[in-house]
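Here's the structure, in structure tokens; my notes come after.
Lettering follows sequence order; numbering is per chain, from 1.
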Protein chains: 2
Amino acid sequence: MTVMLDNASGAPRYMALAEALRARIAGGDPAIGELLPTEHALCETYGVSRHTVREALRLLAESGLIARRRGAGTVVVANQTHDHFTQRLGGVDDLMQYARDAKLLPRSTRTGPLDGAVARAFGVAAGGEFFHVFGVRGRPGETPIALTDVYIRADIAPPVETIVEMGGSVTDWIARERGVPTARIEQSISAGALTEREAEPLNAEAGEAALRTRRRYYDKGGRIIALSDSVHPGERFTYDMVLLREAE
Amino acid sequence: MTVMLDNASGAPRYMALAEALRARIAGGDPAIGELLPTEHALCETYGVSRHTVREALRLLAESGLIARRRGAGTVVVANQTHDHFTQRLGGVDDLMQYARDAKLLPRSTRTGPLDGAVARAFGVAAGGEFFHVFGVRGRPGETPIALTDVYIRADIAPPVETIVEMGGSVTDWIARERGVPTARIEQSISAGALTEREAEPLNAEAGEAALRTRRRYYDKGGRIIALSDSVHPGERFTYDMVLLREAE
DNA sequence: AAGTGGTCTAGACCACTGG
DNA sequence: CAGTGGTCTAGACCACTTA
């Protein structure tokens, strides 16, 4: 009982097979949580080699439709693909695309537990030991771009001289030197008016529109690596991003 | 002259081979732009089958280190992997996360070539036929969230009633009904003060801080699908995003 | 026309899962 | 223990690029 694959389009067999299986899954035949036929069974059903079957299943796995477990089988985990866009970053701190030589000039540093008000603003639990750096971001001698507060988990924080040198890609340094890569970033962007306290070090006027970004960096286990909060006077900064649809 | 692969770690051969090649590329032996040895040559050099070689090269291609072209060879396109974060979206218009029932209420519509000033603001060429919708975004009867200008390529634009109904996920509709999926989105976010013209329909005050987002939607061939420009009064909107490190 | 990567077959052994 | 997916071999033909 061999099933014919649609060969009209001239597509390779493994693509035709992937499409046939995708259609079956979308139709709910193997419903979410159920098992797909085994590779061997698919070989027989569609009259193709195991390599071809595996190539087709690889496509479905890459689209996130199925999950495969040696010994257990191939289970359906979704019945349709979601749009899925990627943002490529040279490093985590490309999130904010400062000029390459825009450094963080610390105005004050402190180590201690996370303040209650700060924790609330970030929506995280207070306490824990954090290395806090408050500073101005920009090229030395020029009008600053931003005011930044960074809270770095104390046990993995770099020495302050390192922060000044590297111009702010702290999480890259932590991944490299401490072996704790960032797995997840949560970012909030909003607009607000500059307060007087903020306006002075930025050489700007209070009430001026500003872009505020708040970011939380987490490791694989969900532990906080760092928190950052920046204020950019409106006319000095635009946040540009490119999102690409992931190949499916 | 077979080269031994590092088998100490117990890793599969194709992974060991991929790691060996990655190290060579990182060392600059095949520099960026240069060709890797052919599959056949790699089989001989490392004493493995072609399938194993291809599996290793697939890993490198997925990491973005190499690009492969039938007939031409395998070229090095990068010497180290970049961090690579993904943003998952249920649909393209999740970019701006409005409440599900926040609809676009058109105030005016027009079809015609792209105005010179508008084209400059978006950084694209003027001309072409576009369907322009200007409207207010929000729940009917409540304080509006945003002011939006959308320019949709006229040949694939939906009827205006459809836009009102669906609450703004125009590009999803175009992908589904016109068969033109969005492949690339460019987004710029900045802060600025509300102008008087903008303040009135938003029930806000001129000079208030606002978040401005400008987006360009492109299809696979680089043709513009749509352009959008929105202004959100500062206190009414925060743009939240989550970025996940991609498994490599 | 020669050589590249893309597809495909027919085998094989293995590590792992489940009953 | 039988059966799964993971890895691997040794072939083959094809579409495409380059010269």
Are any of [X]'s side-chain N or O atoms less than 4.0 Å away from OP1 or OP2 of [N]?
{"X": "A:Arg54", "N": "D:dG6", "value": "yes"}
{"X": "B:Arg69", "N": "D:dT18", "value": "yes"}
{"X": "B:Arg68", "N": "C:dG6", "value": "yes"}
{"X": "A:Arg13", "N": "C:dT9", "value": "yes"}
{"X": "B:Thr38", "N": "C:dT4", "value": "yes"}
{"X": "B:Thr52", "N": "D:dT7", "value": "no"}
{"X": "A:Tyr14", "N": "C:dT7", "value": "yes"}

- Query: Does B:Arg212 reach the main-chain N or O of B:Ile189 with its side chain, forming a donor-acceptor pair under 3.5 Å?
  - Reply: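 Looks like no, no N/O pair under 3.5 Å.
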Could you check how far [atom1] of [X] sits from [atom2] of [N], rounded to whole Å?
{"X": "B:Arg58", "N": "C:dT7", "atom1": "CZ", "atom2": "P", "value": "9 Å"}
{"X": "A:Glu39", "N": "C:dA10", "atom1": "CD", "atom2": "P", "value": "16 Å"}
{"X": "B:Arg70", "N": "D:dT17", "atom1": "CZ", "atom2": "C1'", "value": "10 Å"}
{"X": "B:His40", "N": "D:dT9", "atom1": "NE2", "atom2": "C1'", "value": "15 Å"}
{"X": "A:Leu36", "N": "D:dG3", "atom1": "CG", "atom2": "P", "value": "19 Å"}
{"X": "B:Ile66", "N": "C:dT4", "atom1": "CD1", "atom2": "P", "value": "15 Å"}
{"X": "A:Glu55", "N": "D:dG5", "atom1": "CD", "atom2": "P", "value": "16 Å"}
{"X": "B:Leu17", "N": "D:dT9", "atom1": "CG", "atom2": "C1'", "value": "15 Å"}

- Quick one: does NZ or CZ of B:Arg110 land under 6.0 Å from the six-membered ring centre of B:Phe131, within 45 degrees of the ring axis?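 No, cation not above the ring by the 6.0 Å, 45° rule.
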- Message: Quick check: on DNA chain D, is the nucleotide nearest A:His51 upstream (toward 5') of the one nearest A:Gly73, or the reverse? Name the residue that is more 5'.
- Response: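 Nearer the 5' end of the strand: A:Gly73.
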- Message: My understanding is that only one of A:Thr182, A:Ile225, A:Asp219 makes a side chain to side chain contact (heavy atoms under 4.5 Å, CB included) with A:Ile174; could you say which?
- Response: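 Only match with A:Ile174 under side chain to side chain contact (heavy atoms under 4.5 Å, CB included): A:Ile225.
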- Message: Between the base of D:dG6 and the side chain of A:Arg50, is one N or O donor paired with an acceptor at under 3.5 angstrom?
- Response: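 Counting by modelled atom types and ignoring angles, a donor-acceptor contact under 3.5 Å is found here.
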- Message: Angle between ring planes, B:Tyr151 versus B:His132, binned at 30° and 60°: parallel, tilted or perpendicular?
- Response: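 B:Tyr151 and B:His132: parallel rings.
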- Item | Closest contact, heavy atoms only, B:Arg50 versus B:Cys43 |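 So the minimum-distance heavy-atom pair works out to CA-SG, 3.3 Å.
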